[in-house]
Q: 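Take a look at the following structure, please.
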Amino acid sequence: MDVTYTDLANKTVLISGGAGGIGAATVLRFCQQGAKVAFVDISLAGCQATVDYVSDKTGIVPLFEVCDLRDIPATRQAVNKLNEKVNSFDVLVNNAGHDEAHNFEQVTPEYFDDRVSVNLRHQYFLAQQLAVSMREKGSGSIINLGSISWMLGVEGVSIYTTLKSAVVGLTKSLARELGHNNIRVNSIAPGWVLTERQLEKARQYPEKLDAYLQRQCIKEHLNPDDIARLCLWLASEQSARLTGQTIIYDGGVV
Ligand SMILES: NC(=O)c1ccc[n+]([C@@H]2O[C@H](COP(=O)([O-])OP(=O)(O)OC[C@H]3O[C@@H](n4cnc5c(N)ncnc54)[C@H](O)[C@@H]3O)[C@@H](O)[C@H]2O)c1
């Protein structure tokens with residue numbers, strides 16, 4: 001069953017990491033609502049694939065710019081270009097990230113900093129950039145993608161879990177900071193969401209899929225669209241008084 005959030009029609013939405021997984025599903029969902037959607041991603045081929053997929057399904061062509069979110073000046077430039085086309089954003093979905101595995105003993109300071117740049121730093125600076133016009137308008141919704149991995153203390157991704165726990169603090173502080181201007185900031189902490197990339201990983205260890213399902217209360221795997229639909233609600237006026245919160249969406253693991 002599809003829900004229409006009438007207030008999302010013509011809202012302007014920026015999504016980071018829109019070329020795949022949860023980000024691409026979120027681009028599609030906002031386009032279906034009649035929102036004006038733009039996204040940024042490092043993968044040109046992935047961006048084009050999202051545009052083809054979304055325009056096939058909706059007849060709407062989302063805007064995009066290719067950029068590496070680790071490079072904040074380049075990201076600012078890319079977002080400024082998109083901003084000129086949409087005339088300021090109402091919604092930011094800080095989605096891009098990567099759960100690359102790492103061996104604790106072998107992590108270097110350089111690698112640590114790189115992971116910060118991939119998983120956290122751009123969330124802060126995109127919020128900072130978009131908050132300027134949101135403040136002028138006196139409204140806005142920022143949605144940060146976290147993860148339940150830190151709540152479980154998942155092994156082999158210690159930098160990722162550290163940074164995903166920081167998303168909770170970032171969300172709380174920015175909600176306080178921006179609430180004066182009616183800008184809401186929330187975060188989503190998903191469980192295991194079966195994106196193409198996660199499915200690829202799972203194919204190597206198929207037994208992990210069943211084992212994980214045993215940990216969920218609801219015995220169905222999550223898919224990217226589950227998270228995309230929660231983003232719609234968090235962006236809409238339907239959640240007007242909700243801010244500073246992290247919503248765990250994991251089928252009941254934690
Ligand atoms: N899939 C899951 O099980 C899961 C679980 C918990 C949290 N999350 C979080 O959800 C978000 C989306 O995850 P996903 O599974 O859809 O990932 P994904 O790998 O399928 O997609 C991430 C997108 O971000 C882009 N990206 C990565 N690094 C980038 C960079 N430096 N510059 C620009 N773009 C970059 C990628 O190109 C890709 O299109 C992430 O923040 C992730 O940590 C995912």
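Numbering starts at 1 and runs along the sequence shown. Note that ligands are numbered from 1 as they come in the structure, with each ligand's atoms numbered from 1 the same way.
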Q: Contact between L178 and V185 at the side-chain level, heavy atoms closer than 4.5 Å - yes or no?
A: yes
Q: Run the numbers for me: atoms of ligand 1, each under 4.0 Å from some heavy atom of L145, listed by number.
A: 10 (O), 41 (O)
Q: Could you tell me the residue and atom name of the protein heavy atom closest to atom 20 (O) of ligand 1, and the distance to it rounded to 0.1 Å?
A: G21 CA, 3.5 Å
Q: Should I15 and V37 count as side-chain neighbours, where that means a heavy-atom distance under 4.5 Å?
A: yes
Q: Nearest heavy atom to atom 23 (C) of ligand 1: which of G17, C67, S16 does it belong to?
A: G17
Q: Nearest heavy atom to atom 1 (N) of ligand 1: which of I188, L222, V193 does it belong to?
A: V193
Q: May I ask you to identify the nearest protein heavy atom to atom 22 (C) of ligand 1, giving residue, atom name and distance to one decimal place in Å?
A: G97 O, 3.9 Å
Q: Is it the case that ligand 1 has an N or O less than 3.5 angstrom from some N or O of N119?
A: no
Q: Looking at K36 and D90, is any side-chain nitrogen of the basic one under 4.0 Å from a carboxylate oxygen of the acidic one?
A: no
Q: Give me the atom names and distance for the closest heavy-atom approach of L92 to M134.
A: N-CE, 4.0 Å
Q: Do the side chains of D71 and R121 get close enough for a salt bridge, i.e. N-O under 4.0 angstrom?
A: no
Q: Report the nearest protein non-hydrogen atom to atom 34 (N) of ligand 1: residue, atom name, distance rounded to 0.1 Å.
A: I42 N, 3.2 Å
Q: Go through the steps to decide whether I148 and I248 satisfy the test side-chain contact (heavy atoms from CB on, under 4.5 Å), and finish with yes or no.
A: CA-CA 7 Å; I148 64 161; I248 296 170; 3.7 Å; yes
Q: Show me which atoms of ligand 1 lie under 4.0 Å from any heavy atom of T195.
A: 1 (N), 15 (O), 16 (O)
Q: Is the shortest N/O to N/O distance between I148 and ligand 1 below 3.5 Å?
A: no
Q: Which ligand 1 atoms are under 4.0 Å away from a heavy-atom of A19?
A: 39 (O)
Q: Taking NZ, NE, NH1 and NH2 as the nitrogens, is one of them in E200 or R197 under 4.0 Å from a carboxylate oxygen of the other?
A: no
Q: Using the six-membered ring of Y212, assess whether NZ or CZ of K208 lies under 6.0 Å from its centre and within 45 degrees of the ring axis.
A: no
Q: So, is G23 polar-close to ligand 1, with some N/O to N/O distance under 3.5 Å?
A: no
Q: Please walk me through it: do N181 and E136 pass side chain to side chain donor-acceptor pair (under 3.5 Å)?
A: CA-CA 8 Å; N181 301 94; E136 283 165 8; over 6 Å; no
Q: Go through the steps to decide whether L222 and Q216 satisfy the test side-chain contact (heavy atoms from CB on, under 4.5 Å), and finish with yes or no.
A: CA-CA 10 Å; L222 279 88; Q216 293 186 193; 3.8 Å; yes
Q: About how many Å separate CD of E177 and NZ of K172, when rounded to the nearest 0.5 Å?
A: 14.5 Å
Q: Look at atom 18 (P) of ligand 1 and say which protein heavy atom is nearest, naming residue and atom and giving the distance to 0.1 Å.
A: R197 NE, 3.9 Å
Q: Please state which protein non-hydrogen atom is closest to atom 5 (C) of ligand 1 and give its distance, to 0.1 Å?
A: G191 O, 3.0 Å
Q: When you look for heavy atoms under 4.0 Å from ligand 1, do you find them on the side chain of I22, its backbone, both, or neither?
A: both
Q: Heavy atom to atom 36 (C) of ligand 1, shortest distance: which of D41, T26, D250, D68 holds it?
A: D41
Q: For ligand 1, which is the ligand I care about here, please tell me if K164 has any N or O atom under 3.5 Å from one of the ligand's N or O atoms.
A: yes
Q: Which of the numbered atoms in ligand 1 are below 4.0 angstrom from a heavy atom of L69?
A: 30 (C), 31 (N), 32 (N), 33 (C), 34 (N)
Q: What atoms of ligand 1 come within less than 4.0 Å of a heavy atom belonging to A96?
A: 24 (O), 41 (O)
Q: Could you tell me whether the side chain of F125 reaches within less than 4.5 Å of the side chain of R76, counting heavy atoms only?
A: yes
Q: Which residue and non-hydrogen atom of the protein lie closest to atom 8 (N) of ligand 1, and at what distance in Å?
A: Y160 OH, 3.8 Å
Q: Please round to the nearest 0.5 Å and tell me the distance separating atom CG of D68 and atom OG of S43.
A: 11.5 Å
Q: Within the structure, does H98 bring an N/O atom to less than 3.5 angstrom of an N/O atom in ligand 1?
A: no
Q: Quick one: does S147 get an N or O within less than 3.5 Å of an N or O on ligand 1?
A: no
Q: Measure the distance from atom 11 (C) of ligand 1 to every protein heavy atom, then report the residue, atom name and distance (to 0.1 Å) of the closest one.
A: N95 O, 3.0 Å
Q: Is any NZ, NE, NH1 or NH2 atom of the basic residue among D113 and R70 found under 4.0 Å from an Asp or Glu carboxylate oxygen of the other?
A: no
Q: Considering the heavy atoms of W192, write down every atom of ligand 1 situated less than 4.0 Å from one of them.
A: 3 (O)
Q: May I ask you to identify the nearest protein heavy atom to atom 7 (C) of ligand 1, giving residue, atom name and distance to one decimal place in Å?
A: G146 O, 3.1 Å
